[in-house]
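Quick note on labels: first sequence line is chain A, next is B, and so on, each numbered from 1.
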Amino acid sequence: MNFNSFSFHPAVVKGVAEAGYETPTPIQSKAIPEVLKGRDVMGLAQTGTGKTAAFALPILNRLVDGPRGRAAALVVAPTRELAEQIHDAIRALGRHTRLCSAVVYGGVGINPQIQALKRADIVVGCPGRLLDHLGRGTVDLSRLDVLVLDEADQMFDMGFFPDIRRILSHIPAKNRQTLLFSATMPKAIRCLANDVLRNPVTVQIGTTAPAKTVSHAMFPVAPHLKTALLMKLLGRTRTESVLVFTRTKYRAKSLDKKLARAGYRSASLQGNLSQNRRQAAMKGFRSGEFQILVATDIAARGIDVSNVSHVINFDIPATPEAYIHRIGRTGRAQCSGEAFTLVTGEDTAMVKAINRAIGSPVAQRTLPDFDYDAAPQGPGGKKVNSSASRPQARGKRRAPKPRARRRESKGAFAWLAPKTAGGTP
DNA sequence: AAAAAAC
């Protein structure tokens, strides 16, 4: 089978060819005909198997001959980086169609977006800024043909669902084609998702499982030795780009600093960074300037960076779904990848849940030349014991380094601050 | 100490 069998418009065919696509992936060959028919689709397929093109191509094809500049399709994504990536993919695939894509998300100026929306046929965006535009009347979804919720199970999650419902209320249900895509779709959420679909067809490739191209292992370790074990793993593994996940924004930031101090070309990506810094981190990671990206779950879903040979869960993810999405950042498009997860005693229940979700236990590994019994270390990197607990006694005090960058734009601990407007203390 | 998403 090849892309000719879909009878795409010549302009779409040209875009597909220039993108270097030859053979449709299973999700593409099964979902594209349904989308072309105008059916509502729930599309489920493993990470890295081409879901974006599975909805982008039939949408471009549907709009290519229609009237222009009316926001005929909307794609909603859970992070700014993913929205940007989808927008780029649509632009590349639609290069020869004269269709116009606009991307809207927060953290950047709204005026350029308002200008871009005026002539947009396809709008890609994150929920918050999209609602902002809807409130201002700078985007009109009243004549929308196709709605896509990417990472659909996350969009129906508690944190996003209210926004999604509000966006839906701006779209006339009549004639609306709705497409949901994800690698995961927990049962509890599937019912909610089916509520927005009309007479849907479910296109599911395989089962909810990690991509087969990823081999994975768990590394039991004491919490205080995680950083040392990570360094050991990095030192003894032949890697290309490495994506490291942490549980919190603060841990991403501080682990990035430790890696940089150890000489790695590293950056962090988390939601407390300014959008400029987020873009710089992504750009540097994509280009290879940063070999390591330390990220929160902001980078868990959808992000497609070539040459990611390893995903390392420095902290175990909070759900089996997050595990599947995180490790799916490697092993994409038939390449192979490895995923390492550091696990501590507290993670036992989640390890079991992950093993259950995957259907077989993930191998547990230990490094022969690693000191698993090392004592906790003090702040100066020295072992804490009765005599070394006073740093000055070691005679090794360093002069404090002048700090060029004191804090991130919003403050490193901004998320700790109360949400209500604060008075004077 | 969850993260993400508008101002």
### Query
How close or far is atom C1' of B:dA2 from atom CZ of A:Arg326, stated in whole angstroms?
10 Å

### Message
What is the separation between atom CG on A:Leu82 and atom C1' on B:dA3, rounded to the nearest whole Å?
### Response
15 Å

### Query
OP1, OP2 of B:dA3 versus side-chain N and O of A:Thr79: anything below 4.0 Å?
no

### Selection: residues 129-144 of chain A, any non-hydrogen atom under 4.0 Å of DNA chain B
A:Arg129, A:Asp132

### Task
Using whole Å, report how far CG of A:Asn272 lies from P of B:dA1.
17 Å

### Task
First locate atom OG1 of A:Thr97, then atom CG of A:Asn61, and finally report the distance between them rounded to the nearest 0.5 Å.
10.0 Å

### Task
Rounded to the nearest angstrom, tell me the gap between atom CE in A:Met158 and atom C1' in B:dA4.
14 Å

### Task
Taking the six-membered ring for Trp and the single ring otherwise, decide whether the centroids of A:Phe285 and A:Phe290 are under 6.0 Å apart.
no

### Query
Between A:Arg165 and A:Asp195, is there a salt bridge with N-O shorter than 4.0 Å?
no

### Query
Considering only B:dA3, B:dA1, B:dA5, which nucleotide approaches the side chain of A:Phe160 most closely?
B:dA5

### Summary
Here the distance between atom P of B:dA4 and atom CD1 of A:Ile164, to the nearest Å, is 17 Å

### Message
Which heavy atom of A:Ala193 sits nearest to which heavy atom of A:Met185, and what is that distance?
### Response
CB-SD, 4.4 Å

### Task
Measure the acute angle between the ring planes of A:Phe55 and A:Phe181, then classify it against the limits of 30° and 60° as parallel, tilted or perpendicular.
tilted

#### Entry: Nearest listed nucleotide, side chain of A:Thr248, among B:dA6, B:dA4, B:dA2
B:dA2

## Note on the structure
Between CD of A:Glu151 and P of B:dA3 the distance, given in whole Å, is 19 Å

### Query
Does A:Arg251 make a side-chain N or O approach to OP1 or OP2 of B:dA1 shorter than 4.0 Å?
no

### Query
Which is true for A:Arg278 with a 4.0 Å heavy-atom rule: it touches a base, it touches only sugar-phosphate, or it touches nothing?
sugar-phosphate

### Task
Determine the contact category for A:Gly159: base if any of its heavy atoms lies under 4.0 Å from a base atom, sugar-phosphate if only primed atoms, P, OP1 or OP2 are that close, otherwise nothing.
base

#### Entry: Gap between atoms CZ and P, on A:Phe314 and B:dA2 respectively (whole Å)
18 Å

### Pair A:Ser266, A:Asp256: side-chain N/O donor-acceptor within cut-off below 3.5 Å
yes

### Message
Rounding to an integer number of Å, can you tell me how far A:Arg80 CZ sits from B:dA5 C1'?
### Response
7 Å

#### Entry: Between A:Thr79 and A:Glu151, a side-chain donor and acceptor under 3.5 Å
no

